[in-house]
2 protein chains.
Amino acid sequence: MATDTLEISESRARVLDAAEKLFMERGYASVTMRHIADALGMKQAALYYHAPNGKEQLYREVVNRHMSHQRQGLEKVIAAAPPTLEAQLSAITDWLVEQAPVDLMRMVRSDAVQISESYAQELIQQVDYAMMQPITNIIRAAQERGEVRRIVPEMVSGMLLALTNWAVYFDSTNRFSITSKMMMRQVIELMLNGMIERSV
Amino acid sequence: MATDTLEISESRARVLDAAEKLFMERGYASVTMRHIADALGMKQAALYYHAPNGKEQLYREVVNRHMSHQRQGLEKVIAAAPPTLEAQLSAITDWLVEQAPVDLMRMVRSDAVQISESYAQELIQQVDYAMMQPITNIIRAAQERGEVRRIVPEMVSGMLLALTNWAVYFDSTNRFSITSKMMMRQVIELMLNGMIERSV
DNA sequence: GTCTATAGTTCGATAGAC
DNA sequence: GTCTATCGAACTATAGAC
């Protein structure tokens with residue numbers, strides 16, 4: 001995968017940056033090659049010098065680079081975090097909200113599907129490897145330390161990804177005076193301790 | 001709003017049904033008037049007899065009807081559920097997963113935005129009124145009964161919507177041998193009691 | 001590397017016959 | 001109510017000058 005991604009030719013990175021920003025914000029169908037070219041300050045046809053294989057392949061390369069970036073970033077912040085579950089989960093959600101907002105569900109169910117059904121499956125695998133696995137691993141480790149109850153760890157990591165996406169979206173609607181990062185701290189606290197009043 | 005929605009002329013309902021199914025599955029931009037006409041077994045031009053105000057207005061009417069449907073359904077199942085928090089939350093998620101899968105985040109951030117920025121704001125209001133409020137109310141009631149800790153209730157209802165959307169999506173990827181309804185039961189149990197091992 | 005020009009499609013929407 | 005035919009706009013992509 002991504003033989004081109006190895007050559008980060010500076011100008012190629014600029015193209016991928018502009019394409020990523022637009023694809024992730026508006027979705028595959030809504031973004032035209034003209035939009036991307038405009039963002040780069042060039043004409044639509046000139047973009048085909050940098051993306052000679054067309055829009056579809058450009059989207060694939062954007063996703064490949066993004067998932068690679070996520071996997072590396074997650075592994076890095078997890079390794080750097082204190083070895084407690086709450087600290088690690090906070091480090092993860094901090095990292096995720098700092099990245100450009102990504103709607104994983106829309107990517108799989110709307111964007112990837114209109115490229116091809118098989119690509120949607122491929123994207124699911126990429127998300128699994130790049131984003132789910134690193135989180136699942138620390139949940140499982142906490143279970144083995146006896147800190148966490150018997151719960152399917154993949155369920156928890158899926159929840160965390162879904163809730164982070166939602167927090168970023170929620171923040172963008174300006175309904176609360178709280179940042180998405182702070183909101184996720186509260187979400188983590190809630191997931192760890194539950195909603196139920198226990199003061200007795 | 002929705003002066004036309006009052007006349008449920010049977011054939012109009014068929015058009016809205018077909019449009020809703022496609023819009024909710026693929027998103028506004030990816031669905032063409034031809035797709036909708038095909039689903040109804042008619043030619044693309046014939047669809048304009050039923051939707052004379054075009055694609056944009058058709059989407060708005062689909063959303064209006066859907067939100068009205070959600071509000072009525074939520075109020076109904078909440079009223080019918082046993083007066084305990086867990087039973088009411090389960091009734092809510094049961095209802096939500098039984099409906100056609102809806103990606104609220106994509107609707108606001110991708111679909112509505114390309115109609116107009118102001119329509120995106122309007123849709124946020126509709127989601128608030130139709131889906132957030134009914135759930136927020138029962139969280140707040142449980143807090144007043146002393147069952148639930150001091151948490152912003154809107155945060156909990158937002159989480160529940162996000163997680164239900166995610167569970168339906170997750171189920172559609174066929175990764176677990178568990179239905180989204182059962183998955184949401186476990187999610188509710190986790191949200192109530194937390195992940196932390198308390199056996200001591 | 002970027003441009004103009006344009007081919008080839010597809011889309012939303014309208015006109016008019018039946 | 002549904003059809004055929006078509007217009008104008010927007011999109012992907014290519015060709016070729018500079």
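Quick note on labels: first sequence line is chain A, next is B, and so on, each numbered from 1.
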- Would you kindly give the NE2-to-P distance between B/His50 and C/dA13, to the nearest whole Å? 16 Å
- Message: Take a 6.0 Å sphere around CZ of B/Arg60 and say whether it holds more than 12 heavy atoms from other residues, nucleotides or ligands.
- Response: yes
- Length of the line joining B/Leu40:CG and D/dG1:P, which is rounded to integer Å: 13 Å
- Item | Atom pair distance, as rounded to whole Å: NZ in B/Lys55 and P in C/dT10 | 16 Å
- Separation of C/dC11 P from B/Leu58 CG (nearest whole Å): 16 Å
- Spacing between B/Asp38 atom CG and D/dT2 atom P, to the nearest angstrom: 14 Å
- Task: Send over the distance from A/Met33 CE to D/dA10 C1', rounded to a whole Å.
- Result: 15 Å
- Heavy atoms, side chains only, cut-off 4.5 Å: are A/Thr84 and A/Gln88 in contact? no
- Query: Is it true that B/Ile124 and B/Tyr129 fall in one hydrophobic cluster, defined by side-chain heavy atoms closer than 4.5 Å?
  - Reply: no
Might you list the N or O atoms of the protein lying below 3.5 Å from N or O atoms in nucleotides 3-7 of chain D, with each pair's distance?
unit_1 : atom_1 : unit_2  : atom_2 : d
D/dC3  : OP2    : B/Lys43 : N      : 2.6

- Is the number of heavy atoms from other residues, nucleotides or ligands within 6.0 Å of CZ (B/Arg145) greater than 12? yes
- Does A/Met67 belong to the same Ile/Leu/Val/Met/Phe/Trp/Tyr cluster as A/Leu74, with side-chain heavy atoms less than 4.5 Å apart forming each link? yes
- Query: Taking for each residue the nucleotide of DNA chain C bearing the nearest heavy atom, is the 5' side occupied by B/Glu56 or by A/Tyr49?
  - Reply: A/Tyr49
- Query: Between the side chains of A/Gln121 and A/Gln125, is a donor N or O closer than 3.5 angstrom to an acceptor N or O?
  - Reply: no
- Any residue of residues 107-119 of chain B with a heavy atom less than 4.0 Å from an atom of DNA chain D: none
- Message: Tell me the interatomic distance from B/Arg34, atom CZ, to C/dT9, atom P, rounded to whole angstroms.
- Response: 15 Å
- How about B/Leu58 and B/Leu16: do any of their side-chain heavy atoms sit closer than 4.5 Å? yes
- Roughly how far, to the nearest 0.5 Å, is the CD atom of A/Glu189 from the CD1 atom of B/Ile151? 7.0 Å
- Query: Are any side-chain N or O atoms of A/Arg185 and backbone N or O atoms of A/Thr93, one a donor and one an acceptor, separated by less than 3.5 Å?
  - Reply: no
- Query: What is the nucleic acid contact for B/Val15, judged by heavy atoms within less than 4.0 Å: base, sugar-phosphate only, or nothing?
  - Reply: nothing
